[in-house]
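Working notes, structure below.
We name chains A, B, ... by the order of the sequence lines, and we start the count at 1 in each one.
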2 protein chains.
Amino acid sequence: MEYTVQKLAALAGISARTLRYYDEIGILKPARISSSGYRIYGPKEVDMLQQILFYRELGMDLDCIRKIITDPSFDRAKALRDHHVMLLAKREQLDLLIRNVEKSIASAEGRIKMTDSEKFEGFKQKLIDENEAKYGQEIREKYGDDEVDKSNAYFKNMSKEDFDRMNSLSEQILETLAEAMKTGDPSGPLGQKTADLHKQWISLCWGRYDRESHANLARMYVDDERFTVYYDDRVQPGAAAFLKDAIMIYTGK
Amino acid sequence: MEYTVQKLAALAGISARTLRYYDEIGILKPARISSSGYRIYGPKEVDMLQQILFYRELGMDLDCIRKIITDPSFDRAKALRDHHVMLLAKREQLDLLIRNVEKSIASAEGRIKMTDSEKFEGFKQKLIDENEAKYGQEIREKYGDDEVDKSNAYFKNMSKEDFDRMNSLSEQILETLAEAMKTGDPSGPLGQKTADLHKQWISLCWGRYDRESHANLARMYVDDERFTVYYDDRVQPGAAAFLKDAIMIYTGK
DNA sequence: ATTGACATTGACGTAACGTAAAGGTGTAGC
DNA sequence: GCTACACCTTTACGTTACGTCAATGTCAAT
């Protein structure tokens, strides 16, 4: 498939001017120039543009992008994996921001107090992202290692202290869930306390927390018999469904 | 609490120059000027800056931000709720991008084919975001409804077809896992096939897939007795650990 | 052959700061 | 009281990633 400037621009959701600029600064040259001087882009350029937009989305400046993609050792497969890691990091930052705005709402309603520092949580992270984007590969490779280390160290470092805490949380969840079900209200204080304990348990298990995963896990609780049976047996029938409702309200889903 | 430029800048993770610029264009004036001409910011300004950064994060230009926050009918509580809705929308766009990069990886490995249009999914959304930011409230209120509908539609839409597929996948996983364990090699073709089936199952359950969550779930399989017992009972002792190893290799963690 | 939607290359404009210059201020330590 | 040094000020020019004309050429259809 071949594209002229405006066709490709429409496809990618950018302007024709942007494509001409990218040609001008040598970041994305057309596959060929037609006899009448038109820029013609081919499949390779489409893929390259996608790469560029991924980097751009992560806040990298065009000069840095050029250095990376024109590097002879540029590895598209690795770049895609890097994008993936960075996008997941960005989502965590976004989740921080979302929690920030939720806390700000609660604070505006006088339900909680926020420190000034808390008011800017999730914004600062952006700077770190950008630094990472600038220093590029080495740090990213290190980042990758850290990731692996972090993952591996998870259950190694956890032994005893955290593990005990995890088991204690499991028990607390069951106890609080039983109490909460007596009230019959998943949105009540006991229901929400259960959800909060459950969140702590997840944070410990997964090493990180995001509301969407929490909600998905809750859905699985009613959907997957392993879980349903576990909670229904240990608390009472309907416990898994009750917990799911509490978590849904807790996560705002 | 009172802040000088650099103190506030450090707090918010921006530069002192940015604060002076915001003063210059009339978007954030200091509470007062000290006898020696220093800018002094108070608690009100801290909250205002937070607002500004929320709007900026959503891609709004400063001129537009000024019009909003200097409007006499500006309602901080409503603004916060708007931020919340917009940030959730942004996260959905991010999830689209993440799925895009995952598909791109699969495509690079020749596992699937992508249309050129699909290659730019999640980027275009940004334009829509900006339009929404401009046209504001009515659309956002409608969007909010869609949000709720979509969440609810998750398992409603799944009924029968997908649900059956889920159960069939569960069985396949157990069968393949049993076969794979005979070879004793989690990295072998059968072990990796098990992991791939498991991935499909997750994709169905969670509505999306990322390797990190997959790996975390695998860790939970050996760590949480509910899972361990489930697999060890149904296949053979050590099955949960074997599956975890296979998934670790599969996800490259 | 004309129309209208495309393409081209300049060239200047703009937003949101970065950066440097030239100078005043606050306070900690000697 | 003096010095050092980290902070503050304004002024002003530089930069990035394009937007926006302007002047001109091209293509496809009527």
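Listed pair A:Gln6 / C:dA5 fails the phosphate criterion, with no side-chain N or O lying under 4.0 Å from OP1 or OP2. For D:dC8, the OP1/OP2 oxygens have no side-chain nitrogen or oxygen of B:Ser36 closer than 4.0 Å.
For B:Ser36, the side-chain hydrogen bond (donor to acceptor under 3.5 Å, both in side chains) partners are B:Ser34, not counting sequence neighbours. A:Arg32 is linked by a side-chain hydrogen bond (donor to acceptor under 3.5 Å, both in side chains) to A:Glu2, counting only residues two or more places apart in sequence or in another chain. In this structure A:Tyr3 satisfies the side-chain hydrogen bond (donor to acceptor under 3.5 Å, both in side chains) test together with B:Asp116, sequence neighbours excluded.
Look at CD1 on A:Ile33: it is 19 Å from P on D:dG25, rounded to the nearest Å. Straight-line distance from the NZ atom of B:Lys7 to the P atom of D:dC8: 7 Å, rounded to whole Å. The distance between atom CZ of A:Arg20 and atom P of D:dA22, rounded to the nearest whole Å, is 16 Å.
Under the 30°/60° scheme for interplanar angles, the aromatic rings of A:Tyr55 and A:His83 are found to stand perpendicular.
Judged purely by atom type and a 3.5 angstrom limit, A:Ser107 has no side-chain atom pairing as donor or acceptor with the backbone of A:Lys103.
Ion pairing between a basic and an acidic side chain is recognised when a charged N comes within 4.0 Å of a carboxylate O; A:Lys67 and A:Asp63 show such pairing. A salt bridge links A:Arg17 with A:Glu24: at least one charged nitrogen is closer than 4.0 Å to a carboxylate oxygen.
Residues from residues 37-48 of chain B placing a heavy atom under 4.0 Å of any atom in DNA chain C, listed by number, are B:Tyr38.
Residue contacts shown for B:Thr4 are limited to sugar-phosphate atoms, with no base heavy atom under 4.0 Å away.
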If you look only at distance, which donor and acceptor atoms sit under 3.5 Å apart when one is on a side chain in residues 37-45 of chain A and the other is two or more places apart or in another chain?
unit_1, atom_1, unit_2, atom_2, d
A:Arg39, NE, A:Asp23, OD2, 2.7
A:Glu45, OE1, A:Gly42, N, 2.9

**Prompt:** How does protein contact run along nucleotides 16-22 of chain C, one letter per nucleotide 5' to 3', with B for base contact, S for sugar-phosphate only, - for none, heavy atoms under 4.0 Å?
**Reply:** BBBB---
